[in-house]
J.: 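Quick one: the structure is below, and I'll ask about it shortly.
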Amino acid sequence: MSTKNIVEMRNIVKRFGSVVALRGVDFYVRENEVVGLVGDNGAGKSTLVKILFGIHAPDEGEIIIKGMKFKKLTPKLAYELGIVLIHQERTLCTNHPIWRNIFMGREITNKLGFLRIDDMKKIAYESLSQLELTRMPVETPVKYLSGGYQQGVQISRALVFEADLVILDEPTVALSLAETQRVLEYVNELKKKGKSAVFISHNIYHVYPVADRFVILDKGRVVAEFYKENLTPEDLTEIMISIARTGSVPEKYKELNLYRKSQLT
Amino acid sequence: MMTAIHELKGVRGIISDYKLQVVITAIFFAIWFAFYVLNPSAFTNPFTYTSLMSISPYTIIPAISLTLVIITGEIDLSFSSIMALGPLIMAMTWQAQGEASLLGVILGLLAGLGAGLFNGILITKLGIPSLIATIGTTFLWRGVVLVATQGFSIPLGQYRDSMVFSALVGWLGGIPVQFLWTIGLAIIFWLILNRHRFGAYIYYIGDNRVAAQMVGINVDRVLISVYAIHGLIAAFAGIINTLGMATFWPTLGDIYMLKSVSSVVIGGTPVTGGLGTIYGTFIGGLILEFIEMGVLTSGVTGFWIRLVHGVVIIVALAAQGILRRREIIRARVMRLITTQATQQSTS
Ligand SMILES: Nc1ncnc2c1ncn2[C@@H]1O[C@H](COP(=O)(O)OP(=O)(O)OP(=O)(O)O)[C@@H](O)[C@H]1O
Ligand SMILES: [Mg+2]
């Protein structure tokens, strides 16, 4: 794993009217790193990644991507910078075939804007085969696909667009066990390809196997940050429960908390 | 183990759109057959078909561009008034120039384009729901036409021999030119919808607007363009209608509001957006006109037209409702099968 940051968010504050969703969050993702972003309902996880993808503009703070500083982004800009958000709500047009969904918004066309359908089908097929998702023809409408397959199509889209950072906001919600397993394999696949990912999930057992580092958000603040090698899933669960109850990390894990350390130094 | 899913039963003929098109085509032939049974002499009379080809463009042309609007999940009613606004500008230009100029046609088309742009801006930039916004502009443009003409028609018979007339409503090889225009426009719009990026965006916006925004599609720009195009095409339909009658009527277009919307709906484009075909709209329009022709030539009073239209619209929508419901069940079954497929490949 490299130590170079692919994105960095500094002191991000976001208010929705009187609700303060983020209260000065520092967050970074390194090259070829999978970050597990965890925290209770309403902690601000979705808000943070939506800011990173340009759906919301932060009230304060700055975002640094590949050495460039931004006050805010737009989804279009984020795509161009190599960031793809795979949403809690799926960003697919379900009446349309797989290949069209993969190229949605980035169609391959001739100079006049007419679609090069065969090229797109071919590339779609190649990208899907990297994830072993070739059991359905690329002409299949997405509504015929199971939830896990649909997530796979979204990840294929990220692969085709050569995204460097794929954000997955609760991609395993409402999926069967086996399908969840598949989605986790997709994330591993991304990592093998040298990509980075942010993986948001409520379920520690979904994040744990794929993440290199965990960032725990609570009520709009980062309260803790751990490397996976230092923790078991049970440790992580214990920490999460403690944070939910008392707002702080149990004494015996405090040494391992990267976030506290960086605050102290 | 590795049986590809598409070899399983039921996945061939992937999109139910084809089935919808088969159903709508079947309804068309059923009506044609009914026509034959009820009135064999009119059925075999070529005049029946040439008049069908002369008259149906007035319904079908605006319905073609309306299909795009409805696929985006929006609606436009004001095209019925734009159908009068465009030819009014044309007629006034001709009156001022004293000749049937191409300039008049172009100004008329531009008026339609501008009126469409105005709709698009009201809907996207001011956020007015399209139904409300276009009810407003329906009155606005009709009002402009009525005030400008004081309700009087403008006779244009003296220009009958002009180039513009023969190019738009003349005859070519025994076929009314306006019908050739209709087919040409249908092909162009089919290409846009199915083979061009712009058409893809139209479908995506209707299917999942949030997703379209998230992949960076400029939704407002696409919607404004769709309304502008629809305005332009509505003005074109109004112009050929005016030339076809050789008179500008200030009430022109009123009857097409319901007929064109019905053509789109009979043709299988749901008002919820995301789906729809130009082919369906074309056949839908032909069905309505065919019924009208059938009723008129069968000797019963014209009052029957609306009644039969109503029955056919309800039958067509009922058939589509059944197909769509079966499609939902089918999708559910397919999702189950694909779930098992992903499970197999894990284990
Ligand atoms: N668009 C919005 N308008 C108003 N308030 C919002 C909006 N989006 C989020 N919030 C509020 O901001 C806070 C953080 O929400 P967010 O969705 O980021 O949490 P989360 O950690 O993703 O939670 P969950 O696990 O439930 O998805 C919540 O209090 C939420 O109600
Ligand atoms: Mg969330």
Side-chain angles (χ1 to χ4, degrees), chain A residues 53-55 74-80 84-85 87 89-97 100-101 103-110 112-117 132-137 139-152 157 161 175-183 185, chain B residues 2-8 10-17 71 191-192 194-201 203-219 270 272-276 324 327-328 330-347:
Chain A
F53 189 66
I55 294 172
T74 62
K76 205 174 165 155
L77 188 54
Y79 261 112
E80 274 152 25
V84 171
L85 173 63
H87 218 235
E89 309 95 50
R90 295 185 186 113
T91 57
L92 296 168
C93 287
T94 54
N95 289 308
H96 290 275
R100 274 186 184 262
N101 272 280
F103 283 94
M104 200 178 151
R106 289 214 158 178
E107 291 75 12
I108 303 177
T109 65
N110 67 11
L112 295 172
F114 284 97
L115 305 174
R116 288 168 51 180
I117 293 177
E132 282 170 51
L133 281 173
T134 50
R135 301 186 135 242
M136 299 296 282
E139 292 88 359
T140 314
V142 163
K143 65 180 166 199
Y144 287 176
L145 306 176
S146 67
Y149 211 118
Q150 291 190 16
Q151 294 294 20
R157 182 195 276 165
F161 288 179
L175 293 191
S176 70
L177 260 172
E179 290 221 309
T180 298
Q181 211 50 47
R182 285 292 284 160
V183 171
E185 279 168 28
Chain B
M2 286 303 285
T3 36
I5 291 285
H6 56 273
E7 285 163 19
L8 294 172
V11 191
R12 295 203 177 272
I14 272 168
I15 305 181
S16 66
D17 267 4
I71 291 174
L191 279 172
I192 292 175
N194 297 288
R195 292 287 179 270
H196 197 273
R197 186 173 40 206
F198 181 66
Y201 292 175
Y203 277 116
Y204 300 157
I205 288 172
D207 193 304
N208 186 345
R209 191 165 296 194
V210 175
Q213 256 151 359
M214 297 250 303
V215 298
I217 295 171
N218 190 334
V219 172
T272 43
L275 295 168
R324 294 222 194 279
E327 174 67 16
I328 290 170
R330 199 166 118 101
R332 221 174 269 160
V333 172
M334 287 305 305
R335 281 199 293 271
L336 274 180
I337 296 174
T338 46
T339 307
Q340 282 157 15
T342 37
Q343 281 169 357
Q344 280 168 12
S345 53
T346 351
S347 55

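Computed from a prediction, not measured in an experiment: that's the story for all the values here. Each chain gets a letter, A, B and so on, in the order its sequence line appears, and its residues count up from 1.
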J.: Could you look at A/T74 and say if it's the side chain, the backbone, both or neither that has a heavy atom under 4.5 Å from chain B?
T.: neither

J.: So, using side chain to side chain contact (heavy atoms under 4.5 Å, CB included) as the criterion, who are the partners of B/N208 when residues are at least two apart?
T.: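 B/N208 satisfies side chain to side chain contact (heavy atoms under 4.5 Å, CB included) with A/C93, B/V210, B/A211 only.
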
J.: Under 4.5 Å heavy-atom distance to chain B, tell me which part of A/F114 shows up: side chain, backbone, both or neither.
T.: both

J.: Where does A/L145 contact chain B at under 4.5 Å (heavy atoms): side chain, backbone, both or neither?
T.: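 For A/L145, backbone and side chain are both near chain B.
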
J.: By salt bridge (charged side-chain N to carboxylate O under 4.0 Å, His left out), which residues pair with B/R197, not counting sequence neighbours?
T.: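 Here no residue qualifies.
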
J.: Using non-hydrogen atoms only, which part of B/Y204 is less than 4.5 Å away from chain A: side chain, backbone, both, or neither?
T.: both

J.: Heavy-atom cut-off 4.5 Å, strictly under: side chain, backbone, both or neither for A/L77 against chain B?
T.: neither

J.: Quick check on side chain to side chain contact (heavy atoms under 4.5 Å, CB included): which of B/R332, B/R335, B/E327 does A/Y144 satisfy it with?
T.: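 So, applying the side chain to side chain contact (heavy atoms under 4.5 Å, CB included) to A/Y144 and each of B/R332, B/R335, B/E327, only B/E327 qualifies.
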
J.: Does A/R157 form a side-chain contact (heavy atoms from CB on, under 4.5 Å) with B/V215? I'd like the steps, not just the answer.
T.: CA-CA 10 Å; A/R157 182 195 276 165; B/V215 298; 3.8 Å; yes

J.: Check whether A/F53 gets within reach of chain B through its side chain, its backbone, both or neither, counting any heavy atom under 4.5 Å.
T.: side chain

J.: Mark yes or no for whether B/H196, through its side chain, and A/L112, through its backbone, hold a donor-acceptor pair below 3.5 Å.
T.: yes

